[in-house]
**Q** 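Quick one: the structure is below, and I'll ask about it shortly.
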Amino acid sequence: MDALLRTLAGPWTMYVVWVLRSEGPTRFGVLKRRIEGISARVLAERLRLLEAEGFVKRDYEPTVPPQVTYSLTPRAHALNPALDQLNALAVKWYAQPTSPGARKPRRSPTRATRGAKGSLRNPS
């Protein structure tokens with residue numbers, strides 16, 4: 001459990017996995033646009049880590065310009081049940097109308113959920 005948490009709990013790591021799961025095979029530039037706020041350096045680091053741990057596959061096409069596409073491996077797809085549960089919780093917490101007197105979440109879910117197909121969208 002320790003090794004898995006060390007890999008997935010890093011900054012942006014689960015978000016990268018979520019976007020790749022939602023979008024399917026994706027090029028670096030598209031990933032960067034889908035994950036608002038991530039720098040190219042951090043995205044490259046996260047992708048290298050996920051590739052080294054066997055969660056992401058990097059496909060290189062020697063075209064001009066070269067095309068690199070990232071996709072999830074079967075190992076990463078084993079996370080789907082956990083990701084589905086997290087998505088259901090996000091929908092429950094952030095998409096339901098707030099009843100009078102109920103506390104609102106401290107942070108907006110927009111940043112954490114923007115851009116992935118099938119993911120929670122900001123309801124406003």
**Q** Measuring from atom OG1 of T7 to atom CZ of F55, what distance do you get when rounded to the nearest 0.5 angstrom?
**A**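 These two atoms lie 6.0 Å from each other.
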**Q** Would you check if T26 and R34 make a side-chain contact, meaning some heavy-atom pair closer than 4.5 Å?
**A**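 Counting from C-beta outward, T26 and R34 never come under 4.5 Å.
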**Q** Would you call L79 and L8 a side-chain contact if the rule is heavy atoms closer than 4.5 Å?
**A**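 Sidechains of L8 and L79: in contact.
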**Q** Find the distance between CG (L83) and CD (Q85) and round it off to the nearest 0.5 Å.
**A**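 L83 atom CG to Q85 atom CD measures 9.5 Å (nearest 0.5 Å).
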**Q** Test of understanding: clusters of I, L, V, M, F, W, Y form through side-chain heavy atoms closer than 4.5 Å, transitively. Do M14 and I38 belong to the same one?
**A**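 Both belong to a single hydrophobic cluster.
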**Q** Is there a path of hydrophobic side-chain contacts, each under 4.5 Å between heavy atoms of I/L/V/M/F/W/Y residues, joining Y70 to V42?
**A**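 Looking at the clustering, Y70 is in the same group as V42.
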**Q** For a side-chain contact (heavy atoms from CB on, under 4.5 Å) with T13, tell me which candidate from R46, E53, E45 qualifies.
**A**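 So the option named by the test is R46.
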**Q** About how many Å separate OG of S39 and NZ of K32, when rounded to the nearest 0.5 Å?
**A**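 Here the interatomic distance stands at 7.0 Å.
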**Q** Please examine the side chains of L86 and W18, heavy atoms only from C-beta on, and report whether any two atoms are closer than 4.5 Å.
**A**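 Counting from C-beta outward, W18 and L86 never come under 4.5 Å.
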**Q** Testing the basics here: between V17 and L72, what is the closest heavy-atom pair and its distance to 0.1 Å?
**A**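 Answer, listing the atom of V17 first, then L72: O-CD1, 3.8 Å.
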**Q** How close do R21 and N80 get, heavy atom to heavy atom, and via which atoms?
**A**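 Distance-wise, the nearest heavy atoms are NE-OD1, 2.8 Å.
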**Q** Going only through I, L, V, M, F, W and Y residues with side-chain contacts under 4.5 Å, is there a path from L49 to L4?
**A**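 No.
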**Q** How long is the gap from CZ on R75 to CG on L50, to the nearest 0.5 Å?
**A**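 Here the rounded value is 10.5 Å.
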**Q** Search all heavy atoms of A40 against all heavy atoms of F28 and return the closest pair with its distance.
**A**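 In this case the closest contact between A40 and F28 is O-CZ, 3.5 Å.
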**Q** Restricting to non-hydrogen atoms, name the atom on G54 and the atom on T73 that form the minimum distance, rounded to 0.1 Å.
**A**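 For G54 versus T73, the nearest heavy atoms are O-OG1, 2.5 Å.
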**Q** For the atom pair CZ (R48) and CG (L43), what is the distance rounded to the nearest 0.5 Å?
**A**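 Rounded to the nearest 0.5 Å, the CZ-CG separation comes to 9.5 Å.
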